[in-house]
Amino acid sequence: MRTPVLTALSSQAPMDEINVCGWVRTKRDAKAFSFLELNDGSCLRGIQVVVDTGTPGSEALPEMTTGASVEVKGRLVASQGKEQAWEIQATWVGLLGTAGETYPLQKKGHSLEFLREIAHLRPRSNLFGAVFRVRSRMAYAVHTFFQERGFFNIHTPMITASDCEGAGEMFRVTTLPPGSAAKPETDFFGKPAFLTVSGQLEAETMACALGKVYTFGPTFRAENSNTSRHAAEFWMIEPEQAFCDLSGNMDLAEAQLKHQVTDALTHCAEDLAFFSKYVDRELLERLRFVAERPFERISYTEAVKLLEASGHSFEYPVKYGLNLQSEHERWLTEKHFQCPVIVYNYPKEIKPFYMRQNDDGTTVAAMDVLVPGIGEIIGGSQREERPERLSAAMAHHGLSEADYWWYADLRKFGTVPHAGYGMGFERLLMFVTGVGNIRDVIPFARTPGHAEF
RNA sequence: UCCGGAGUAGCUCAGCGGCAGAGCGGGUGGCUGUUAACCAUUAGGUCGUAGGUUCGAUCCCUACCUCCGGAGCCA
C-alpha cells in the first residue's frame, strides 16, 4: 500500500517496508547510486530516495528525469545527509511515466506569468502545490466555522432569472442558437436566464426559515475587469442570519476572518512558511496580528473625515457621498490603522436597494471589511426588513416589484431583522497566502479572454 | 474599458542603427552521500506580427496582437 510522503517524513521510527509513489523533482547521480527526490503533493517537501546501481528496476534510472512518475519500494531509514531526517533506501524502483526533454517545469524558478500558461502542470510546483493545499484547508475551515456555530449550509441556484441583483454584468444562459432573434419566452426557461452573481436574495429566504445559513459556491460576473483582484468565476461565502443587526454582522465577519487565519497558521504551517520566505516576508507577522487584534470599526462619515484630515494627496477626491476609492481604502487599512478596518453606514445613494435604511434617513446599514494588501475582502449589510421601506428603495432604484415578489413576501410574512455578507474566497486566499494575483489562487482562472483548460 | 510598462534560445534576462549573447534547462562525458549538486563539452534564434524610415532595423517610427502593473466596476 502506498504511503504518502507526508506520512513517511513524519515517521517516528524506521520502517522495514515502505512503498512511495511520486513525481521526480530532481535526480542526482553518483557512480554507484542515484538520489531521487520524489514529491507526491501530500506536502511541500519531497522525500529523498537512494537507488543503488543494480537495484531491481534501476536500469530505468536514465528516464527518471524531472517530472517523471515513479514508484519505489524500500526501507525508511535515517538519512546520512543534513537536509532531511528520513530517506528511503530503495529495494525496487519502477518507472510509471516518463516526462522527457520537453517537460516545461525546471528545477529553477519560473515566472508566475509562464506558469499560468501551463495551469495543468503548475500544481506540481512548490508554490502552487502549497497554494492549493491551503485552498483546500481554507474551504474546510469555512464549513467548520459555520457548522460549529449552528449555521446550515444551503445551496442556492447557479442559474437565475433575477436579472438585476445589483452586483454587476451577468452571463446569459440560453439554449437558443447563436444570433437567434427568438423571443426569450421561447427559450429554455421561458424567460431570460443568467449565471448567478450572488446567492444573497435566496439565502435571505432560507435564513428567514432556518435562522442561520451560509452559502459557499461559485459565482459569476461578466464585468470586463482586468485586475489582479477580479475573476469572472470565483467562489463566494455568503452567511445570512435572522434576528441579527449590523453590529452582529460585523462580529461574525471579524470572527470568521480570524478563524480562517488561525486555522491556516495552525494547519498549514509549512506551506505558510514557504510563502513567508518566497512570496511575502511579512506574511506571518501580519496573519498573527490579524488573528489576535480587534478590527477597527469606523463609520463612513468618520472615514471621510480621517481621509480629509490626512494631508495625503489622493488621485481621486474625498468627499461625503462619493464611493471610497481603492487608494482611500488602502490608506485606511495600510497606513492609518495598519490592521483590518470595518467601514460601516454608507450613504444610501451608493449602495444597493436591499440595504436597511438608518434612522438618519441618509445612510444604510452597510459594512465593508478592508484588509492590508487586498482592500475589500468582505461586503455586507443589514437587510431592509420593513415592507414599505423596501418598496420605496426599489422604486428609487428603478426596480420592478413584480420581479421580486418572492423577496418582498419575506417582509409580508413574519418579517425579521436580518443581516449577512459576502466574502470572496479567492481574496481570502490571497490574504492568507500573500499571493498577489487572483489568477494564482484558483486552479483554472476565468478572466476576460481566458477560458483555457 | 482607460493609463503606463514589456515582448530576444525551452525558461529567466542582457544587448545594440553594422556577424545574435549569458545563466539556467536539454544532450554528451566526468566526478562526488548528494541537497534546485559540481566540472567540462555541445545543440538550440523568423529578436511578437505587419508596415514604414534607412545603404543597412532585433534596435528608430506607426498600427495591431499578447502579457504585466495601476485604475474603474466589485468580492
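Basis for what follows: all heavy atoms, side chains included, without hydrogens, waters or symmetry-related copies. So that the names make sense, note that chain A is the first sequence line, chain B the second, and so on, each numbered from 1.
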Distance, [atom1] atom - from [M] to [N], rounded to whole angstrom:
N: U32(B); M: C39(B); atom1: P; answer: 16 Å
N: U53(B); M: C59(B); atom1: C1'; answer: 13 Å
N: C16(B); M: A20(B); atom1: P; answer: 16 Å
N: U34(B); M: G48(B); atom1: P; answer: 44 Å
N: U35(B); M: G69(B); atom1: P; answer: 35 Å

[X] ring center near [Y] ring center (under 6.0 Å):
X: Phe295(A); Y: Phe337(A); answer: no
X: Tyr214(A); Y: His143(A); answer: yes
X: Phe33(A); Y: Phe35(A); answer: yes
X: Phe146(A); Y: Phe152(A); answer: no
X: Phe314(A); Y: His328(A); answer: yes

Of all heavy-atom pairs between Glu254(A) and Arg297(A), which one has the smallest distance, and what is that distance? OE1-NH2, 3.1 Å
Let me have a per-nucleotide readout for nucleotides 22-32 of chain B, 5' to 3', with B, S or -, counting only protein heavy atoms under 4.0 Å. --BSS----BB
Name the orientation class of the two ring planes belonging to Tyr407(A) and Tyr404(A) (parallel below 30°, tilted from 30 to 60°, perpendicular beyond 60°). perpendicular
Parallel, tilted or perpendicular, as decided by the 30° and 60° cut-offs, for the rings of Phe216(A) and Phe425(A): perpendicular
In whole Å, I'd like the distance from the [atom1] atom of [X] to the [atom2] atom of [N].
X: Asp440(A); N: C67(B); atom1: CG; atom2: C1'; answer: 13 Å
X: Asn226(A); N: G4(B); atom1: CG; atom2: P; answer: 16 Å
X: Trp86(A); N: G33(B); atom1: CH2; atom2: C1'; answer: 18 Å
X: Gln89(A); N: U34(B); atom1: CD; atom2: P; answer: 15 Å

Report yes if a side-chain nitrogen or oxygen of [X] is closer than 4.0 Å to either non-bridging phosphate oxygen (OP1 or OP2) of [N]; otherwise report no.
X: Asn437(A); N: G69(B); value: yes
X: Arg229(A); N: G70(B); value: no
X: Arg439(A); N: G69(B); value: yes
X: Ser111(A); N: U12(B); value: yes
X: Thr26(A); N: A37(B); value: yes

For Glu315(A) and for Pro104(A), find the nucleotide of RNA chain B with the closest heavy atom, then tell me which residue's nucleotide is more 5'. Pro104(A)
Between Trp235(A) and Tyr278(A), just flag the one whose closest nucleotide in RNA chain B comes earlier from the 5' side. Tyr278(A)
Measure the distance between the ring centre of Phe234(A) and the centre of the six-membered base ring of A75(B), then answer whether it is under 5.5 Å with planes under 30°. yes
Are side-chain N/O atoms of Asp368(A) and Tyr346(A) paired as donor and acceptor at under 3.5 Å? yes
With sugar-phosphate meaning primed atoms plus P, OP1 and OP2, does [X] contact a base, only sugar-phosphate, or nothing at under 4.0 Å between heavy atoms?
X: Gln48(A); value: base
X: Ile377(A); value: sugar-phosphate
X: Arg45(A); value: nothing

Any N or O donor-acceptor pair under 3.5 Å from the base of C74(B) to the side chain of His230(A)? yes
Mark yes or no for a side-chain to base donor-acceptor pair under 3.5 Å between Ser225(A) and C73(B), with no hydrogen or angle criteria applied. yes
What form does the base of C19(B) take, syn (within 90° of 0) or anti? syn
Which nucleotide in the list C73(B), U12(B), C67(B) gets nearest to the side chain of Phe114(A)? U12(B)
Closest to the Ser79(A) side chain, choosing from A75(B), A71(B), U34(B): U34(B)
The dot-bracket string of RNA chain B, counting Watson-Crick and G-U wobble pairs with both distances under 3.5 Å, using [ ] for crossing pairs and | for pairs to another strand, is (((((((..((((....[..)))).(((((.......))))).....(((((..]....))))))))))))....
Are Arg229(A) and Arg427(A) side-chain neighbours, meaning at least one heavy-atom pair lies under 4.5 Å? yes
OG1/Thr156(A) to CD/Glu238(A) distance, rounded to the nearest 0.5 angstrom? 6.5 Å
